[in-house]
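Take a look at the structure below.
Naming: A, B, ... by sequence-line order, numbering from 1 per chain.
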Number of protein chains: 2
Amino acid sequence: MLRGFGLTSGSLPGRQASLTDVAVLAGVSHMTVSRVVNKTGPVSAATRAKVLAAVEKLSYRPNSAARALVTGKSGILGVVTLDSTLYGPASTLYGIEHAAREAGYSVTITSVGTPNSSAIAEAIETLRRLAVEGIVVIAPHAAASKSLEGAPLDIPLVAVGGGQEAPVPMIAVDQADGARRATEHLLALGHKTVWHVAGPVDWLEAQDRETAWRQTLKRHRVRAPRIIRGDWSSRSGYAAGQALAREKDLTAVFVANDQMALGLLRAFTEAGIAVPKDVHVVGFDDIPEAAYFSPPLTTVRQDFIEVGRRTFRQLAEQIDGREPAARDLVPAELIVRESTGPR
Amino acid sequence: MLRGFGLTSGSLPGRQASLTDVAVLAGVSHMTVSRVVNKTGPVSAATRAKVLAAVEKLSYRPNSAARALVTGKSGILGVVTLDSTLYGPASTLYGIEHAAREAGYSVTITSVGTPNSSAIAEAIETLRRLAVEGIVVIAPHAAASKSLEGAPLDIPLVAVGGGQEAPVPMIAVDQADGARRATEHLLALGHKTVWHVAGPVDWLEAQDRETAWRQTLKRHRVRAPRIIRGDWSSRSGYAAGQALAREKDLTAVFVANDQMALGLLRAFTEAGIAVPKDVHVVGFDDIPEAAYFSPPLTTVRQDFIEVGRRTFRQLAEQIDGREPAARDLVPAELIVRESTGPR
DNA sequence: CCCAGGGTTGTTACCGCGAACACTGGCCTC
DNA sequence: GAGGCCAGTGTTCGCGGTAACAACCCTGGG
């Protein structure tokens, strides 16, 4: 059995069958075949049957290049993404791909190693050359966001996670909301203050989380300790943990992502600091592993699938010529686990 | 500044400039423009300059659909992948994308939720409709592999991680090699036997690791304990850990991936079993976080970037009509950390 | 009985590009 | 001085599809 691969007994003339080939076999004009294939225009039942038989026999497949040429629509969306396996970007990508495929679009990706202006511009240019109908830039990066300021206006474009003042329509999880929830959760547990291990300065999400943390502390009239900065990696979280272990008034830490929190926990364990007994820790992202850290991590969940879905919708609206909302924030959710449990 | 976006002062006639538009502006024929743009055929320096000026002025961008139509080459590769954020598949995808982009190809992805025959067949069909020049199937799954048996033979196709008897050319990390190294490492530490937490039965990589583990034990004349099976998730590893905690002769466990190992470590911690003091644990994958587990995890590193690179090379050879090797295995590497450290 | 009109089918004209081939001049060779 | 070669350029054609319109058949109403 050739399970649905369409490699039936049809002759193999060395190249794909075209509309005309089908038309000749079915004894009709190529336009009639086109009408059957695309279900446009009226075709009698008898003719349709003949055509479909011929289509099957030749395992005809429409040529998307020809169709794109004449219609001006490629049916392709482009996604610019980081070439990392960071949980957020990867999840978002699948969210977009899923929504796009359901709507009949294909998704082409172009990854960038470091999201600086020229790399992003180049990636966008590459995608445009492919005649994509719209572009998503997943690059929650200051430089990336900045590079979009001069972005082409003649093609639908959406940014994902692009900070407060993105120059193009943007979808993101509400970072400030999540960071506020995390910080207030810790304050509500009675801590005098909350330390923060931040992400890289040039990441907008890191900035947003840091700002919200600082504002929350201020609103509660609490002095903010000095900040420790990591690069999202567990390694940097480990280093941060070693640094924090030397602080004496340390009782609560809000870490900007779960991977760093893992490194932090490891460093604390080595330093003899018990979590949650001595220190409470909150992460960000809720990666699938977070529930199995030692101890299980309280963290802020981001619904990346929903982000992907809304991103596609936003793009589709632009493509269809409707004026979309400029910003769309997906709320965050606090997931409480043992790392902020009873002491 | 419009940093390289090519949105210069040129007129905006409502649609993209074509070769002919450029030709008219430059006062030459469209073929001359084509020759300049593609660097084919001889063009005098003066003419080239005129043409390039016109290209710049109109911000001309070649229409890939038209080019694909006339050349029969789309410059697109298709990748069928799981819509999960599993470390392996995601890393491999970026490896492929990177190699492909360097060679001037674009990569279009189609994700499948569950890799059964019909889903894979459908994904391949979707990609073929897009006129991709070659297809990569990342689906280290028994069903997926099986579905490739009836795969179309008229388009270059490569499988990634497709078990021993893949019906199409295949690239993978040498699972047996990795599992053997892991098991022998534990045996060399003096353990009487080695337990195994396996991946899902329908994953070929899980089968390969399990088989190699079993064979290694047999070669050392050691009786294999009953197997525990998970689904790659930390959650399932946690459950496995709870089950294993009840075994009395437990001293060494080889877990089929790092996420499950994390869950296992968590369960052991809760059960009062110390790693590495009471039990040694080895994982598989070397995800970036593994070095920061508690304790840091001994594991088997898989070079997914290399897999991606070789996958693209394999595909490129098929596209160019060279006959590629049918199988290509990337060696695995054992990374020793504290989870198999001094007791 | 003729004509209007709708359902059905065919014809023609491109879409933007590259392959193949034709054409123009020098310049070199014998 | 005629022929050949080659760098440089142009013309023509068609890739496989869709849009627009033309042409045909059949039916029903006047």
Side-chain angles (χ1 to χ4, degrees), chain A residues 13-55 58-76 104 106 128-133, chain B residues 13-55 58-76 104 106 128-133:
Chain A
R15 57 173 243 289
Q16 287 288 331
S18 73
L19 263 193
T20 308
D21 296 334
V22 176
V24 169
L25 181 59
V28 297
S29 76
H30 78 277
M31 265 321 290
T32 299
V33 179
S34 172
R35 284 190 266 259
V36 170
V37 170
N38 300 306
K39 305 196 210 318
T40 63
V43 177
S44 73
T47 310
R48 185 195 327 280
K50 272 194 305 187
V51 169
L52 288 177
V55 163
L58 300 177
S59 53
Y60 167 73
R61 222 182 311 275
N63 179 316
S64 57
R67 183 178 283 172
L69 179 59
V70 68
T71 61
K73 301 179 149 297
S74 63
I76 302 178
S106 306
R128 297 198 65 169
R129 223 178 280 276
L130 257 174
V132 297
E133 291 185 45
Chain B
R15 58 173 242 290
Q16 287 287 330
S18 73
L19 264 193
T20 308
D21 296 334
V22 176
V24 168
L25 181 60
V28 297
S29 77
H30 83 273
M31 267 320 291
T32 298
V33 180
S34 171
R35 282 190 268 259
V36 170
V37 170
N38 300 309
K39 305 195 209 318
T40 63
V43 177
S44 74
T47 309
R48 186 193 327 280
K50 271 192 308 186
V51 169
L52 288 177
V55 163
L58 299 177
S59 54
Y60 168 73
R61 219 184 314 274
N63 178 316
S64 58
R67 184 178 283 173
L69 182 58
V70 69
T71 62
K73 302 179 148 296
S74 63
I76 302 179
S106 306
R128 298 199 64 170
R129 223 178 279 276
L130 257 176
V132 298
E133 291 184 44

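Between B:A66 and B:V43, the residue whose closest nucleotide on DNA chain D is further toward the 5' end is B:V43. Residue order along DNA chain C, read from the 5' end via each residue's closest nucleotide, puts B:L69 first among B:R35 and B:L69. Nearer to the 5' terminus of DNA chain D, by closest-nucleotide assignment, is the contact made by B:R48 (compared with the other of A:V70 and B:R48).
For B:S18, no side-chain nitrogen or oxygen approaches OP1 or OP2 of C:dC15 to under 4.0 Å. Between C:dG10 and A:T32, a contact under 4.0 Å exists linking OP1 or OP2 to a side-chain N or O. A sub-4.0 Å separation between OP1 or OP2 of D:dT18 and a side-chain N or O of A:S34 is present. Taking side-chain N and O atoms only, B:S44 has a distance below 4.0 Å to OP1 or OP2 of D:dT9. Proximity of A:T71 to the phosphate of D:dA19: no side-chain N or O atom is located under 4.0 Å from OP1 or OP2.
In this structure, the separation between NZ on B:K73 and OG on B:S64 is 15.0 Å, given to the nearest 0.5 Å.
One interatomic measurement links the two molecules: NZ of A:K50 to P of C:dG10, which rounds to 8 Å at whole-angstrom precision. Atom CE of B:M31 is separated from atom C1' of C:dA20 by 9 Å (rounded to the nearest Å). Put simply, NZ on A:K73 is 14 Å from C1' on D:dT18, counting in whole angstrom units. Note: NE2 (B:H30) to P (D:dG8) measures 19 Å, nearest angstrom. Distance A:N63 CG to D:dG14 C1': 13 Å, rounded to the nearest Å. The nearest whole Å value for the distance from the CZ atom in B:R129 to the C1' atom in D:dG16 is 15 Å. What separates CG of B:D21 from C1' of C:dC17 is a distance of 13 Å, to the nearest Å. The separation between A:L19 atom CG and D:dG14 atom P is 18 Å, rounded to whole Å.
No engagement by A:T40 is indicated, since no non-hydrogen atom pair under 4.0 Å with the nucleic acid exists.
By the 4.5 Å heavy-atom criterion applied to side chains, B:V36 and B:T47 are not counted as neighbours. Looking only at side-chain heavy atoms (C-beta outward), A:R129 and B:R67 stay at 4.5 Å or farther from each other.
Side-chain atoms of A:N38 lie closest to D:dT18 of the nucleotides D:dT18, C:dG10, C:dT8.
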Full working for side chain to side chain contact (heavy atoms under 4.5 Å, CB included) between B:V28 and B:V51:
CA-CA 8 Å; B:V28 297; B:V51 169; 4.0 Å; yes
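Side-chain atoms of B:T20 never come within 3.5 Å of backbone atoms of B:H30 as a donor-acceptor pair (strictly under, hydrogens ignored).
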